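Note that the coordinates shown come from a computational prediction; the quantities given were computed from them, not determined experimentally.
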Amino acid sequence: MRKRPVGPTDVPSRSRTERYVSSERNMAVSIVARLPAVNLQSLALTFLTAVIVHRSVADVSVGSPPATEGPPHRRFEYKYSFKGPHLSQSDGSIPFWIHSGNAIPSADQVRITPSLRSQRGSVWTKNRVNFENWEAEVTFRVTGRGRMGADGLAVWFTTEQGLDGPVYGAADKWNGVGIFFDSFDNDAKKNNPTILVVGNNGQLVYDHQNDGTTQALGTCLRDFRNKPYPIRAKIMYYKKTLTVLINNGFTPDKEDYEFCTKVENMIIPTEGFFGISAATGGLADDHDVLSFLLFRLTEPGQQLPPVESEIPKEEKDKYQEEFQNFQQELDKKKEEFQKEHPNVQGEPIEDPYESVSDREIRQVFEGQNRIHLEIKQVNRQIAMLMDEQRRYVSIVAEEIAKKGGHAASGQMDSATQQLGSIVATQQEVLRNLNEMRNTFYESLKQISVAQQQQQNQGNAVGMGTYETIQHFNDIKEHLHMVKRDVDHLVQRSSQNPGDKVVKCPELPPTPSCLSTVHFVIIVVIQSVLFFCYIMYKSQQEAAAKKFF
């Protein structure tokens with residue numbers, strides 16, 4: 001029996017549809033030949049409708065993506081991961097990992113290098129990884145007192161463990177890929193801190209003088225030093241594409257990732273070791289790794305073997321026995337502790353309350369994060385509006401060009417005038433949107449500066465406002481005094497009507513009307529005074545609005 005060829009499903013469906021349409025066409029032609037001429041028009045319309053419907057169905061079936069398309073399946077691999085608390089054991093080792101150099105494991109993190117000069121350290125998986133597709137999530141901190149740091153941190157996947165070497169604490173001429181978080185500017189191009197993806201086949205020597213830019217497959221500029229929250233890097237290798245996503249460390253949201261770089265058609269070994277290394281030079285930073293989580297990725301529809309089948313029976317029995325012994329020892333220690341301390345029942349070891357300074361810092365960063373998210377949302381919406389406006393302007397411009405080509409010279413109908421007005425309106429809206437976007441960018445830049453200067457400026461402005469209010473109060477008091485003196489004089493004159501009235505000498509004769517020159521001078525003086533008053537009030541209001 002002849003086998004059916006294996007291939008995409010769209011080609012057979014299309015051929016079947018075309019055969020079905022052709023058979024209907026032949027049937028319709030035969031029917032038309034038999035029927036009288038009276039019903040030819042209705043039959044022709046019916047035939048055309050059927051053909052159009054079946055053509056559209058065939059196109060939709062061809063253009064639709066396969067049903068198996070979708071995000072990859074993730075499975076956590078605990079043997080190639082570590083995370084606090086209780087990260088290290090009593091002897092200082094990390095389960096399923098080895099550390100070398102100046103690395104210091106602790107209960108909640110691994111300090112790859114301390115902030116001392118010329119330090120190197122690294123951690124590597126004990127077991128060899130054999131995954132075709134994988135995803136790694138690394139959480140780390142890079143902190144230091146200086147304005148600049150050195151040298152940086154690296155995440156590795158190589159065929160061999162590079163326990164010690166000159167490339168961020170690991171060996172050179174590796175076979176695999178390295179993601180470098182470089183914090184020192186060796187080439188003095190002011191392009192650090194930066195993130196680089198560098199591949200190697202075991203023959204290349206890393207270019208330290210140019211910060212690896214001549215060998216980088218992908219790069220992005222990100223400042224990862226001295227951030228309020230830990231930096232999170234998501235590195236995914238799926239279908240021969242390496243993607244790097246970064247959380248900038250300004251928000252506690254663990255899923256707020258930004259795109260860094262992508263390398264397509266990248267072939268790396270399927271077997272190797274994962275590692276993290278760091279190094280310091282003349283400048284020094286603390287390089288702390290809080291967690292490394294590895295996930296195996298599989299395509300939708302592909303079944304993975306169960307975890308139990310991957311562990312040998314002897315090793316499984318050994319782990320089960322160790323777990324039972326550990327559980328028994330733990331129960332004994334709990335009983336002994338309760339006998340020695342009968343009054344202590346689940347009291348917290350650490351203080352659950354935060355200090356005033358910690359609470360203020362947390363509130364400041366939460367407010368900054370909310371403002372940052374709102375501005376990002378507004379910026380995204382403005383970008384969408386600008387794209388729509390550009391599209392409308394291009395469409396209207398094409399219509400105007402078509403109308404102008406057919407119309408006679410010197411004549412323009414009402415439709416062309418309306419299109420011209422629409423174009424002008426759209427351009428005005430686009431210009432306003434650009435101005436609004438620039439305003440939001442400036443606001444985003446001034447957020448961090450304004451909060452630092454708030455206290456000092458608040459004191460200075462408060463003193464200036466107090467002096468201004470006091471000055472106006474003095475003027476008001478003097479005016480009240482003048483008014484009281486005038487009232488007093490009026491009362492005295494009304495109380496002594498019999499007194500001799502002192503007559504003032506008669507003035508020399510003057511013109512009955514005010515001259516034009518004097519009138520103009522008075523108006524100019526009043527205008528200048530009024531303008532100065534308005535400017536003074538506007539400056540006061542602007543200074544007051546800075547702190548609301």
Side-chain angles (χ1 to χ4, degrees), residues 71-72 74 76-77 80-81 112 122-123 125 129 131-142 149 151-158 162 167-170 174-184 191-201 204 206-207 210-225 227 229-251 253-270 272-278 287-297 376:
R74 303 167 77 233
F76 177 65
E77 300 291 339
Y80 310 102
S81 307
I112 308 297
S122 63
V123 291
T125 57
V129 181
F131 299 157
E132 184 177 356
N133 301 309
W134 47 266
E135 178 181 321
E137 295 182 3
V138 188
T139 305
F140 63 93
R141 289 181 184 271
V142 179
D151 283 333
L153 181 139
V155 180
W156 302 91
F157 179 73
T158 59
V167 184
Y168 302 98
W174 68 93
N175 186 8
V177 62
I179 295 89
F180 303 152
F181 298 84
D182 189 0
S183 55
F184 185 72
N191 54 355
N192 290 83
T194 185
I195 302 173
L196 302 94
V197 177
V198 181
N200 200 336
N201 57 0
L204 301 178
Y206 183 66
D207 187 6
N210 295 317
D211 287 330
T213 55
T214 58
Q215 302 168 342
L217 303 176
T219 180
C220 68
L221 294 176
R222 293 292 187 277
D223 188 5
F224 47 82
R225 296 183 66 250
K227 298 304 176 185
Y229 297 98
I231 303 295
R232 297 179 181 274
K234 181 181 290 187
I235 306 164
M236 182 171 61
Y237 181 73
Y238 183 65
K239 292 184 178 181
K240 298 181 182 180
T241 300
L242 185 72
T243 306
V244 180
L245 305 177
I246 294 296
N247 186 317
N248 55 17
F250 283 109
T251 171
D253 187 4
K254 298 180 181 180
E255 299 301 326
D256 187 14
Y257 285 100
E258 298 177 356
F259 177 78
C260 175
T261 184
K262 177 187 289 187
V263 182
E264 297 181 350
N265 298 325
M266 184 176 186
I267 300 175
I268 62 176
T270 56
F273 297 87
F274 281 98
I276 306 172
S277 66
H287 298 87
D288 301 325
V289 179
L290 282 68
S291 66
F292 182 91
L293 306 179
L294 184 66
F295 299 87
R296 177 186 289 190
L297 301 181
K376 283 176 63 177

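- Among residues two or more places apart in sequence or in another chain, the ring-ring contact (aromatic ring centres under 6.0 Å, His included) test is passed with Phe224 by Phe181.
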request  = Please test Phe180 against Val167 for side-chain contact (heavy atoms from CB on, under 4.5 Å), starting from the C-alpha separation and ending with a verdict.
outcome  = CA-CA 9 Å; Phe180 303 152; Val167 184; 4.0 Å; yes
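- With contacts defined as side-chain heavy-atom distances shorter than 4.5 Å, the pair Thr194/Asp211 does not qualify.
- For the atom pair OG1 (Thr219) and CD1 (Ile179), the distance works out to 12.5 Å, reported to the nearest 0.5 Å.
- Listed by chain and number, the residues in a side chain to side chain contact (heavy atoms under 4.5 Å, CB included) with Asp207 are Gln209, Asn210, Thr214, Gln215 (sequence neighbours excluded).
- In this structure, Glu137 does not pair ionically with Lys254, as no charged nitrogen and carboxylate oxygen lie closer than 4.0 Å.
- Closest heavy-atom contact between Leu196 and Ala216: CD2-CB, 3.8 Å.
- For Phe157 and Tyr237, the gap between ring centers reaches or exceeds 6.0 Å.
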task = Please lay out, stage by stage, how Trp134 and Phe274 fare under the test ring pair (Phe, Tyr, Trp, His ring centres under 6.0 Å).
result = CA-CA 11 Å; Trp134 47 266; Phe274 281 98; 4.9 Å; yes
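- In this structure, OH in Tyr80 is found 9.5 Å from CZ in Phe273, a value given to the nearest 0.5 Å.
- Residues forming a salt bridge (Lys or Arg N to Asp or Glu O under 4.0 Å) with Arg225 (at least two apart in sequence, or on another chain): Asp285.
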query = Is there a side-chain contact (heavy atoms from CB on, under 4.5 Å) between Thr251 and Tyr229 once you walk through the steps?
reply = CA-CA 7 Å; Thr251 171; Tyr229 297 98; 5.6 Å; no
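- Qualifying side chain to side chain contact (heavy atoms under 4.5 Å, CB included) partners for Ser277, counting only residues two or more places apart in sequence or in other chains: Ser122, Ala154, Trp156, Tyr168, Ala170.
- Interatomic distance, CD1 of Ile235 versus CD of Glu135, reported as 10.0 Å (0.5 Å rounding).
- Going from atom CG of Asn192 over to atom CZ of Arg222 covers 14.0 Å, rounded to the nearest 0.5 Å.
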task = Would you check, one step at a time, whether the test side-chain contact (heavy atoms from CB on, under 4.5 Å) holds for Asp256 with Lys376?
result = CA-CA 12 Å; Asp256 187 14; Lys376 283 176 63 177; 3.9 Å; yes
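- In terms of modelled atom types and a separation under 3.5 Å, the side chain of Asn133 and the main chain of Lys239 share a donor-acceptor contact.
- Of all non-hydrogen atoms in Thr158 and Val177, the two that sit nearest each other are CG2-O, 4.5 Å.
- Annotation: the span from Arg232 atom CZ to Leu245 atom CG amounts to 13.5 Å, rounded to 0.5 Å.
- Here the side chains of Thr125 and Phe292 are not in contact, with every heavy-atom distance at 4.5 Å or above.
- With values rounded to the nearest 0.5 angstrom, Arg141 atom CZ is found 8.0 Å from Asp288 atom CG.
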task = Carefully, step by step, assess Phe131 and Leu294 under the rule side-chain contact (heavy atoms from CB on, under 4.5 Å).
result = CA-CA 11 Å; Phe131 299 157; Leu294 184 66; 3.8 Å; yes
Give the table of side-chain donor-acceptor pairs shorter than 3.5 Å for residues 258-270, with sequence neighbours excluded, one pair per line with atom names and distance.
residue: Glu258; atom: OE2; partner: Asn248; partner atom: ND2; Å: 3.4

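- Lys227 is linked by a salt bridge (Lys or Arg N to Asp or Glu O under 4.0 Å) to Asp223, counting only residues two or more places apart in sequence or in another chain.
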